[in-house]
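Only one structure is covered here, and it is reproduced in the block below.
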Amino acid sequence: MDLLENYGGSDDDAEERPGSPSADAELFKLSLPVLPSAAPHVDTAGRVLLEGKAVAEAETRHYLDPKARSVQYNLPYKDMSAVVVGPAHPFQKDGLAAGLKNHRAGHVEDTHLQSYAFDEQYNTYHSMGYAAAPGSQALVGKTAAAEAGTVYGSAAKRRKTAEEKAAAEERKQRLQQEAQQQLAAGQPFTLTNRLPWAEKQAQAPELTDEQREYLAKASAEKEVAAAEDVEARGPTSFFHGKADKDYQGRSWLAPPRDKKKESDACFLPKRWIHTWSGHTKGVNAIRFIPGMGQLMLSAGLDGRVKIWDALGSYKCMRTYLGHSKGVKDINFTNDGAKFVSVGYDKNIRLWDTETGQVITTLNTGKLYFCGVFHPEADKQNVLMAGCADKKIYQFDFNTGDVEQEYNYHLGAVNTVTFIDENRRFVSSSDDKSLRVWEFGIPVQIKYVADPSMHSMPSVTPNPAGTAIICQSLDNQIVTYLTKDRFKQNRKKTFKGHNTAGYACQVNFSPDSKYVMSGDSEGRAFFWEWAQPYKVVRT
């Protein structure tokens, strides 16, 4: 019926009937609202969707150089069949140029490889025939050679398991037992390890009487040869510094300009600063150069006198060779330009400190134990020398003669010390006594002796000149006042150290606050002058 209704005659061809389906559709289209598109315009030409992002199609493809003769990586089939068409337009959104624009020099793939790792694998492959595969831990090439490591280093050492360690320890013990059994049986054994003698310490063999006699004879001959060499060659010296004068012409004896006196106060030492080594035998005496004390003079039993830098480089500046035997005592003049050395070879030599030349030599055929210059500036040519023949000799270096003799002692004279503004001097001797003399008059004016006294081989005055301290061999330091009357100050007795049988030197600090002394055990003791009963530092 619908078909019949929709069928019309020729009169209805030019005009549509109201209520027909086509008329209703056109009316529905005209009634719908037209909405504008809010999405931005996106040019998707030459782009593909990769992991949720629109990227250029060229970036997802692997490009191969047309001139390449070998392929180093596996290409997809679509890339292998792609035809390179060129030249590519640099601003074209699709094609070869789009993939090359991620770097100004061309297409760069995301990867990371250190140059060291690349060179290692490259050289290993060409040298040993194997290398690590890129992107994995597998090996390519001659994998059997991998145990030797790479060309840059050995292979990583694998840790031993507990079973392997136990087996190695068992094998070690077995080899030890076999070696000990062979050694006990007196049979030769194969050297497989360091045992059985590796754990033993080397023991020095004991010398026989014949060997000891030979060594003593050789040592005596060496000393005689050294003495003859000094006597034949004469006294000499060697300078060890860079130059004897600086760029301004100043002598190496001059104190440094950059060192200045910071304070008058003295403090106890806290740490060990330096050790001077150069003497082959013991050191008998040490003296600092007057003034700043930048140089230190030492007298050794090897017959040498050395002067050291005590403030800067701590090096030996000059060595004085003039004694064939040990040097007993040394002392500077007031200006430090000269010094005297008293040796066991019975020679007393006056040296020029700077040049090292011997100015005067005194030899009376007697053995002297000490030599002290007169402290007065106009009497620097006067030397007081204590002798082993129980006398004190007063020498004049200008003439080389003996001007006076002081001969009341009953034993060898050990020290001579000036007191009372240099008008008198005190001498100590092996006769366990102290004697006070007037300078120039060979008569003693004071004699100090007591049955409880011991020999005093070292005597030092304090910087103020009001007292002297004496190293007594009964393990104590005694004090004597020298200002008005020469008498002992029993309140100033320092004890606590051990010096019996040793001539350890004693001294004051420059501010007279501390007293210091050596010890037979190699220690240094310090006391406060105000509190002598207490050792403040050892």
Side-chain angles (χ1 to χ4, degrees), residues 235 284-287 290 297-301 303 305 320 322-334 336-353 358-376 378-419 422-431 433-444 455-461 468 470-471 503 505:
N284 267 335
I286 294 176
R287 301 286 185 266
L297 197 66
S298 62
L301 289 174
V305 178
Y320 307 89
H323 295 276
S324 58
K325 295 183 180 180
V327 183
K328 179 63 174 69
D329 193 18
I330 48 175
N331 272 295
F332 278 108
T333 56
N334 290 348
K338 303 174 185 178
F339 72 90
V340 64
S341 62
V342 180
Y344 287 106
D345 58 354
K346 303 179 182 180
N347 287 326
I348 299 177
R349 299 188 187 275
L350 179 66
W351 299 81
D352 187 299
T353 308
V358 175
I359 302 175
T360 306
T361 300
L362 303 177
N363 189 340
T364 60
K366 300 177 181 179
L367 180 61
Y368 297 91
F369 289 155
C370 64
V372 181
F373 287 102
H374 195 284
E376 296 292 336
D378 57 344
K379 297 179 180 178
Q380 291 294 284
N381 59 319
V382 177
L383 179 73
M384 308 296 294
C387 188
D389 63 353
K390 312 173 188 178
K391 297 180 181 179
I392 302 173
Y393 294 90
Q394 179 179 330
F395 290 97
D396 187 352
F397 275 119
N398 293 336
T399 60
D401 299 332
V402 177
E403 295 186 344
Q404 194 63 263
E405 294 182 5
Y406 307 84
N407 57 358
Y408 278 81
H409 275 291
L410 303 178
V413 180
N414 293 323
T415 63
V416 175
T417 308
F418 282 89
I419 60 172
N422 306 323
R423 293 192 298 264
R424 296 180 294 171
F425 64 90
V426 181
S427 60
S428 64
S429 173
D430 287 343
D431 59 2
S433 68
L434 292 178
R435 300 175 190 266
V436 183
W437 313 79
E438 192 81 24
F439 177 73
I441 302 176
V443 178
Q444 61 183 15
S455 179
M456 301 177 185
S458 178
V459 179
T460 302
I468 60 172
C470 308
Q471 182 75 268
Q505 297 182 7

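For clarity, every value in this text was computed on a predicted model and none was experimentally measured.
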When you measure from the side chain of [X] to the backbone of [Y], do you find a donor-acceptor pair of N or O atoms at a distance under 3.5 Å?
{"X": "S429", "Y": "A412", "answer": "yes"}
{"X": "N334", "Y": "P375", "answer": "yes"}
{"X": "Q404", "Y": "G440", "answer": "yes"}
{"X": "D345", "Y": "S324", "answer": "yes"}

*Can you name the residues that form a ring-ring contact (aromatic ring centres under 6.0 Å, His included) with H409, not counting sequence neighbours?*
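For H409 there are no ring-ring contact (aromatic ring centres under 6.0 Å, His included) partners, ignoring immediate neighbours.
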
Closest contact, heavy atoms only, [X] versus [Y]:
{"X": "R287", "Y": "N331", "value": "NE-OD1, 3.3 Å"}
{"X": "F332", "Y": "T353", "value": "CE2-OG1, 4.0 Å"}
{"X": "V327", "Y": "A299", "value": "CG1-CB, 3.6 Å"}

*Under the side-chain hydrogen bond (donor to acceptor under 3.5 Å, both in side chains) rule, collect the residues that match up with K379, sequence neighbours excluded.*
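Scan of K379 (side-chain hydrogen bond (donor to acceptor under 3.5 Å, both in side chains), adjacent residues dropped) gives none.
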
*asked:* Going by side-chain hydrogen bond (donor to acceptor under 3.5 Å, both in side chains), name the residues that satisfy it together with D396, two or more places apart in sequence or in a different chain.
replied: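 Residues passing side-chain hydrogen bond (donor to acceptor under 3.5 Å, both in side chains) with D396: N381.
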
*Who are the salt bridge (charged side-chain N to carboxylate O under 4.0 Å, His left out) partners of E405, not counting sequence neighbours?*
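Partners of E405 by the salt bridge (charged side-chain N to carboxylate O under 4.0 Å, His left out) criterion, ordered by chain and then number, come out as K391.
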
*D352: what forms a side chain to side chain contact (heavy atoms under 4.5 Å, CB included) with it, not counting sequence neighbours?*
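By the side chain to side chain contact (heavy atoms under 4.5 Å, CB included) rule, D352 matches E354, T355, I359.
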
*Could you tell me which residues satisfy side chain to side chain contact (heavy atoms under 4.5 Å, CB included) with C370, sequence neighbours excluded, listed by chain and number?*
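Scan of C370 (side chain to side chain contact (heavy atoms under 4.5 Å, CB included), adjacent residues dropped) gives D329, V416.
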
*asked:* Quick check on K338: does its NZ atom have over 12 non-hydrogen neighbours (other residues, nucleotides or ligands) under 6.0 Å away?
replied: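 No, because the 6.0 Å sphere around NZ of K338 holds 12 heavy atoms or fewer from other groups.
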
*Indicate yes or no: at least one non-hydrogen side-chain atom of Y408 is less than 4.5 angstrom from one of D431.*
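No, too far: nothing below the 4.5 Å cut-off.
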
_Side chains of Q394 and Y406: any donor to acceptor distance under 3.5 Å?_
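Distance-only check passes for Y406 and Q394.
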
